[in-house]
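Comments concern the structure below.
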Amino acid sequence: MNNLLEKLNDMQQKAVTTTDGPLLVLAGAGSGKTRVLTHRIAYLIEKNNVAPWNILAITFTNKAAKEMAERVESLIGEAAQDMWVRTFHSACVKILRRDIDRIGYNRSFNIIDADDQKSLVKECLKELRFEEKEFPPKAIMSEISSAKDKLLTPAEYKAEFYTDFRKGQIARIYELYQKKLEVSNDLDFDDLIMLTVRLFKEAPDVLTYYQNKFRYILVDEYQDTNKAQNELIIMLAKEHRNLCVVGDDDQSIYKFRGADITNILDFEKAFSDACVIRLEQNYRSTQNILDAANNVIKNNSGRKGKRLWTDQGSGQKINVYKAEGDYDEAEFIADKMNQLSRDGYKYSDMAVLYRANASSRSLEDVFMRKALPYRVLSGLRFYDRKEIRDMIAYLRLVKNPHDDLSFRRIINTPSRKIGKVTLDNLSAVATRENTSLLETIKNHLGEFSDNLCQFYNLIAELIEDAEKLSIDNLVESIYEKTRYRAFLETDEKAQERMENVGELISGAASYVETSENPSFEEYMDNLALVSDIDNYDEEIDAAVLMTMHSSKGLEFPVVFICGFDEGLFPSSMSMFNPEEVEEERRLCYVSITRARQLLYITCAYRRMVYGKTSPYNPSRFLDEIPASILDVTDSRKNVTEYTIPQAKASTYTPESSLFGFSSQPSPPKTSGEVFKTGDSVIHKKFGRGIIISASPVGNDVHYEIAFESVGTKNLLGLYAKLTKDE
DNA sequence: CTCAGCTAGATTTTT
DNA sequence: TCTAGCTGAG
């Protein structure tokens, strides 16, 4: 039993064994937070004999939930399966699917995403005759969302802001938006939380049931909770008060999405008897890296206060490179990476972090040219891709024929020659008869154009399919019968899109395979709530490019933070507002603490932004790191023997002279084998396939491969890790 | 209804 | 500079 505690330091042990009563664990970056959470759960079950079904563990991401469940299971075995380890949203869906009828909703509600929200807002604006210029849908969406985060109903929102004319207008939009959601039985993400809170308030017996069920509650990333989520947790914990929240106020970087840092700062006000434990020993980074982070973050006010330390030595200094321009900056990073690769690092040990996605451009240009293996953790997620959203819209319409949002989305995709005029007529009739668009066609078969009737027949056929086919076959059937595949095939550039649909189908197949009791509804819930199929395959040896935000929770032996300039970071959008600068500073703290061994920070004297080149100055955050732990290289010093070319920054590579290694790409890494057309090969992820074509590209080979399961894909030999199929 | 051509706007995004 | 999204001509 004690071996559960063996590998934990004193503070971690205390966090694990303080099982009863409210507990706030302030867990600094890299301080073993996940270890504490999982061991605490194991301790509760094994040592305190708490039943697994009496435990609720809440995370923000599916990935974190999955990881936590797996790690607990490896500690205590299958008993772990009876716990609730869920994201806020999926826990709420589960609660609502059981009891939402108690507050007048239908239990078979649909979950809509940001894209649908936007269409819905646009519809509302149109109906209210508001101009999109004056009320940008995006801004309205975030206003509605933040109202819901604060648990404000349209009426309460109206009452709170009755003096503000504009907000009064927005209240009308919000009101209509909410009405439309109710009519079509849709919930948006914020509703999932807000309505659960409402359910608990209006149906006290439901609340009591869950209060008694969840005798022990754990919340991860507590600094990211919004007001509604906090309220939800506090309500649930009220009875037994065994609430353990884990977080780091210094890592709160999602204010723009509603995260309320005061939840964690005021936890001790909400629970005056709360025990507070700080985890400050860091197991990830060198002391120099931690000192950099500590010195930056100490400039923020209103912190809980923490100072990270390690017993693993000071390590190298922080390397700073002041580049001439953005391409020079990218080349410096690429050349350093190649050098480190020769020194024995893998490319996958290295990450480049930037403030905004747009910054990946110059990096990608240079990396591509130098044939440096890299991957971008893109801004666009799998389920946000148009083709995927279209397929999902068909699925949703099949599941719920009254889903007008989905209807509108795909009525003319692929083109069925049904345009605005037809649609306006149809929707006028639908409004008059107070029914959905598809239902309206059904009720007037023959009266509308052939195109509409054909569409109705198509959906009717698919609904029949849904009853007899497994989900993956249903998706395939939709793909074929809607002629979506044919539609993509006409477009040469749609190769990737077809691959994406292929992934959707194989994802559905694996859901059917792995789920104990596959159901259409559960599959659709997963689609709505699972942000991304885990396409971050760590096996591939490639450097990773991503935003600072998406780096949270990850770690790399080598980290490059680029664009360390005033106006980029802190961003020009926030640099004049002290509160927002503090959030940027937290982002800086998060970024620095991703690094284990080596940290490189780069800035540039001038950059091209929005097509214009202008001068830049190093970020204020650079000044906050003590000079004694910096190792600065300046492209404008030390290179006096060279004249600095004024115009062509992209051809300027001072580092080749500075660091004594060439800017040539590293020698080609052999992929082991070269294949020829007709060869049968095995790919780790895609399975067996036949080489259709092989053409040399630089020092690599480009293959077109027909896979048995996922269709034809284009792959590069260096990354594909193909093996011969004997 | 469709598509070419133009204009305005351009952080970060766990669900 | 890039691109999403709108507008108007065919």
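Per chain, numbering begins at 1; letters A, B, ... match sequence-line order.
- The environment of NZ in A:Lys399 is crowded: more than 12 heavy-atom neighbours from other residues, nucleotides or ligands sit within 6.0 Å.
- Look at A:Asp260 and A:Lys150 and you find no salt bridge, because none of the NZ, NE, NH1 or NH2 atoms lies under 4.0 Å from a carboxylate O.
- The side chain of A:Val421 lies closest to B:dC1 when the candidates are B:dC1, B:dT13, B:dT11.
- Side-chain proximity of A:Thr61 to B:dT13, B:dT14, B:dT11: nearest is B:dT14.
- Nearest to the side-chain atoms of A:Lys420 among the listed nucleotides B:dC1, B:dT14, B:dT12 stands B:dC1.
- Heavy-atom neighbours of A:Arg166 CZ from other residues, nucleotides or ligands within 6.0 Å: above the threshold of 12.
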Polar pairs (N or O, both sides) under 3.5 Å between protein and nucleotides 2-7 of chain B?
from, atom 1, to, atom 2, distance (Å)
B:dT2, OP1, A:Ser415, OG, 2.2
B:dT2, OP2, A:Asn412, ND2, 2.8

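- As judged by a 4.0 angstrom heavy-atom cut-off over every strand, A:Lys255 is placed among residues making no nucleic acid contact.
- A:Lys118 comes within 4.0 angstrom of the backbone, heavy atoms only, and of no base.
- Between the NZ atom of A:Lys138 and the C1' atom of B:dA8 there is a distance of 13 Å, given to the nearest Å.
- In this structure, A:Tyr210 and A:Phe214 have parallel ring planes: the angle between them is below the 30° cut-off, well short of the 60° mark.
- Between A:Tyr374 and A:Phe367, the ring planes lie perpendicular to each other; the angle is over 60°, past the 30° to 60° tilted range.
- Between the CG atom of A:Leu529 and the P atom of B:dT14 there is a distance of 13 Å, given to the nearest Å.
- Two rings, from A:Phe520 and A:Tyr523, have their centers 6.0 Å or more apart.
- Nucleic acid contact for A:Ser90: none, since no nucleic acid atom lies under 4.0 Å from a heavy atom of the residue.
- Shown for residues 609-620 of chain A: residues whose heavy atoms fall under 4.0 angstrom of DNA chain C, namely A:Tyr610, A:Gly611.
- Scored by the side-chain contact (heavy atoms from CB on, under 4.5 Å) test, A:Lys138 finds no partners at all (sequence neighbours excluded).
- When each of A:Leu587 and A:Thr87 is assigned the nucleotide of DNA chain B with its nearest heavy atom, A:Leu587 is the one assigned upstream, toward the 5' end.
- Within the nucleic acid shown, A:Ser571 comes within 4.0 Å of at least one base atom, counting heavy atoms only.
- Looking at heavy-atom distances under 4.0 Å, A:Gln229 makes no contact with the nucleic acid at all.
- Residue A:Lys386 places its NZ atom among more than 12 non-hydrogen atoms of other residues, nucleotides or ligands, all under 6.0 Å distant.
- Using a 4.0 Å cut-off between a side-chain N of Lys or Arg and a carboxylate O of Asp or Glu, A:Arg586 and A:Glu583 qualify as a salt bridge.
- B:dG9 atom P lies 13 Å from atom CE of A:Met573, rounded to whole Å.
- B:dT12 and C:dG5 have their P atoms separated by 15 Å, with the value rounded to a whole Å.
- Between B:dT11, B:dT13, B:dC1, one nucleotide has an atom nearer to the side chain of A:Thr422 than all others, and that is B:dC1.
- Nucleic acid contact for A:Phe88: none, since no nucleic acid atom lies under 4.0 Å from a heavy atom of the residue.
- Annotation: ring-ring contact (aromatic ring centres under 6.0 Å, His included) contacts of A:Tyr177 (sequence neighbours excluded): none.
- With rounding to whole Å, A:Arg257 atom CZ is found 14 Å from B:dT11 atom C1'.
- By the 4.0 Å N-to-carboxylate-O rule, A:Arg497 lies too far from A:Asp390 to be salt-bridged with it.
- In this structure, A:Asp113 places its CG atom 17 Å from P of B:dT13, rounding to the nearest Å.
- Whole-Å rounding puts the A:Phe189 CZ to B:dT13 P distance at 16 Å.
- Rounded to whole Å, atom P of B:dT14 lies 13 Å from atom CE of A:Met546.
- Phosphate contact (OP1/OP2 of B:dT14, side-chain N/O of A:Ser550, threshold under 4.0 Å): absent.
- Chain A approaches DNA chain C within less than 4.0 angstrom (heavy atoms of the protein), and the contacting nucleotides run 5' to 3' from C:dT1 to C:dC6.
- Between the CG atom of A:Asn226 and the C1' atom of B:dT13 there is a distance of 14 Å, given to the nearest Å.
- Residue A:Asn451 places none of its side-chain N or O atoms closer than 4.0 Å to OP1 or OP2 of B:dC1.
- Scored by the side-chain contact (heavy atoms from CB on, under 4.5 Å) test, A:Asn577 finds A:Glu579, A:Glu580 as partners (sequence neighbours excluded).
- With A:Arg409 as the fixed residue, the side chain to side chain donor-acceptor pair (under 3.5 Å) test singles out one of A:Asp403, A:Asp116, A:Asp115: A:Asp115.
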